[in-house]
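A short worksheet on the structure shown next.
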Amino acid sequence: MFGGRRVGASSPQGRFAAGARLLDGRVVVDADAHGKHLLVGFDGDRVLHVHLGIYGTYGMGAGVAPAPTGAVRLRLVGEAGWADLRGPNVCEVLDRGEVKVLRDRLGADPLRADADPEVAWRRIARTRTCVGVLLLDQSVVAGPGNIYRAEVLFRQGVHPGVQGHALGRRRWEAIWDDLVVLMAEGVRTGRIDTVRPEHTPEAMGRPPRVDDHGGEVYVYRRAGLPCLVCGHGVRTAVLAGRNLFWCPVCQPSEGHEG
DNA sequence: TACCTATGTACAC
DNA sequence: TGTACCTAGGTAT
């Protein structure tokens, strides 16, 4: 919608007024994402860096932009359409050098063709930190969040408390390969569905259930409900500051509880 | 109208 | 580990 075109930038809410002025009237030359970070390049060595965080949203449309509603941090308007950004964790203008600093602190992104899971593995293999924490550490793996953490560990039968050094290369490779598939599918469909065809409510003869986040999942936010595979109650605990969910039967704990 | 929750991160201690 | 950031939508009062 904006690539190669001159765009208008404004901050109806006012909090990004100075930044918007740096971009206003410039041409969008490229756009890229690394993990949860969006990088939109403008002419003049200016890069818009956006991280949606936990609240942020983008609203977009074709044609003439409507009057802004709510707290619109940044509005971009081009010939073909408009985009409104609300509530981001980060919204700033960087130069290419600052972008490199940002990228250097991010780990392998399962959605990127240039990702090297070997780098992540070297970090994982030498730490006692558990895999449930490592999967949310964006300097190890960039992109997965709380839903993918819970779901990929369930799909691979890995207890979230397994320490990095005890995970083993094969299990790490299985987790990585699954993330690549799941996240690509998420991009394609715009939602997070992780339930295999043989476990869908239709296949199992259960009523359909879609989580509030909009996708079908095995354990995420299903605390106390029966596991879709074995029927045991799904457990929950806080790990790395976020609500974690797992099935204690399908994800055996290898000698430790909790 | 108040309160709670959420696909996240940084910083103080 | 706790808290601030900061927004919208849902539920309770």
Side-chain angles (χ1 to χ4, degrees), chain A residues 11-17 19 33-39 48-61 66-75 83-92 94 98-99 101-107 109-111 128-130 132-155 160-161 175 178-195 209-225 234 236-246 258:
Chain A
S11 179
Q13 171 207 47
R15 288 191 46 157
F16 190 58
H34 192 145
K36 299 172 184 127
H37 301 258
L38 170 64
L39 300 161
L48 172 65
H49 172 216
V50 171
H51 188 300
L52 292 178
I54 203 164
Y55 311 124
T57 59
Y58 253 117
M60 301 186 196
T69 56
V72 178
R73 183 82 59 89
L74 171 63
R75 165 170 281 189
D84 282 352
L85 172 64
R86 292 179 174 82
N89 202 19
V90 175
C91 178
E92 61 186 359
L94 305 178
E98 291 168 319
V99 170
V101 172
L102 168 67
R103 285 186 181 281
D104 285 348
R105 69 174 169 84
L106 294 174
D109 178 349
L111 287 172
R128 295 171 67 179
T129 302
C130 66
V133 172
L134 290 167
L135 283 177
L136 289 187
D137 185 338
Q138 302 294 298
S139 70
V140 177
V141 193
N146 201 27
I147 301 178
Y148 284 118
R149 165 175 78 163
E151 294 299 303
V152 78
L153 289 176
F154 178 88
R155 284 168 56 99
I175 288 170
D178 209 18
L179 284 172
V180 170
V181 171
L182 287 175
M183 292 173 66
E185 178 72 0
V187 169
R188 190 180 70 79
T189 63
R191 48 185 270 175
I192 299 176
D193 294 298
T194 60
V195 178
R209 178 193 178 278
V210 172
D211 183 78
D212 285 345
H213 84 275
E216 283 187 14
V217 287
Y218 280 106
V219 289
Y220 175 69
R221 282 204 299 209
R222 294 194 67 250
L225 295 172
V234 172
T236 187
V238 174
L239 185 65
R242 314 296 305 283
N243 292 323
L244 171 70
F245 305 88
W246 78 99

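Every chain is numbered from 1, with letters handed out A, B, ... down the list of sequences.
- Formation of a donor-acceptor pair under 3.5 Å by the Asp109(A) side chain with backbone atoms of Gly35(A) is found in this model.
- Atom CG of Asn146(A) is separated from atom C1' of dT9(B) by 13 Å (rounded to the nearest Å).
- Listed pair Gln138(A) / dT9(B) meets the phosphate criterion, a side-chain N or O lying under 4.0 Å from OP1 or OP2.
- Distance from the side chain of Tyr220(A) is smallest for dT7(B) among the nucleotides dC6(C), dT7(B), dT7(C).
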Side chain to side chain contact (heavy atoms under 4.5 Å, CB included) between Leu153(A) and Trp246(A): does it pass, once the steps are laid out?
-> CA-CA 8 Å; Leu153(A) 289 176; Trp246(A) 78 99; over 6 Å; no
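- Comparing Arg105(A) and Tyr55(A) along DNA chain B, the residue whose closest nucleotide (by nearest heavy atom) sits nearer the 5' end is Tyr55(A).
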For Val141(A) and Ile175(A), run side chain to side chain contact (heavy atoms under 4.5 Å, CB included): C-alpha distance rounded to whole Å, both residues' side-chain angles, the deciding distance at 0.1 Å, then the answer.
-> CA-CA 11 Å; Val141(A) 193; Ile175(A) 288 170; over 6 Å; no
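- In this structure, the side chain of Ser139(A) does not engage the main chain of Leu106(A) through any donor-acceptor pair within 3.5 Å.
- Contact check, Lys36(A) against dT9(B): a side-chain N or O comes under 4.0 Å of OP1 or OP2.
- A gap of 13 Å separates the P atoms of dT13(C) and dT5(B), to the nearest Å.
- Nucleotides dC6(C) and dT1(B) place their P atoms 23 Å apart, quoted to the nearest Å.
- For the P atom pair drawn from dC5(C) and dC13(B), the interatomic distance equals 15 Å after rounding to whole Å.
- Comparing atom distances between the Asn89(A) side chain and each of dT9(B), dA6(B), dT7(C) picks out dT9(B) as nearest.
- Rounded to whole Å, the distance from NE2 on His51(A) to P on dT7(B) is 13 Å.
- Under 4.0 angstrom from either OP1 or OP2 of dT7(C) there lies at least one side-chain N or O belonging to Gln13(A).
- OP1 and OP2 of dT7(B) both lie 4.0 Å or more from every side-chain N or O belonging to Arg149(A).
- Residue Arg221(A) has its side chain nearest to dA6(B) when only dT7(B), dC6(C), dA6(B) are considered.
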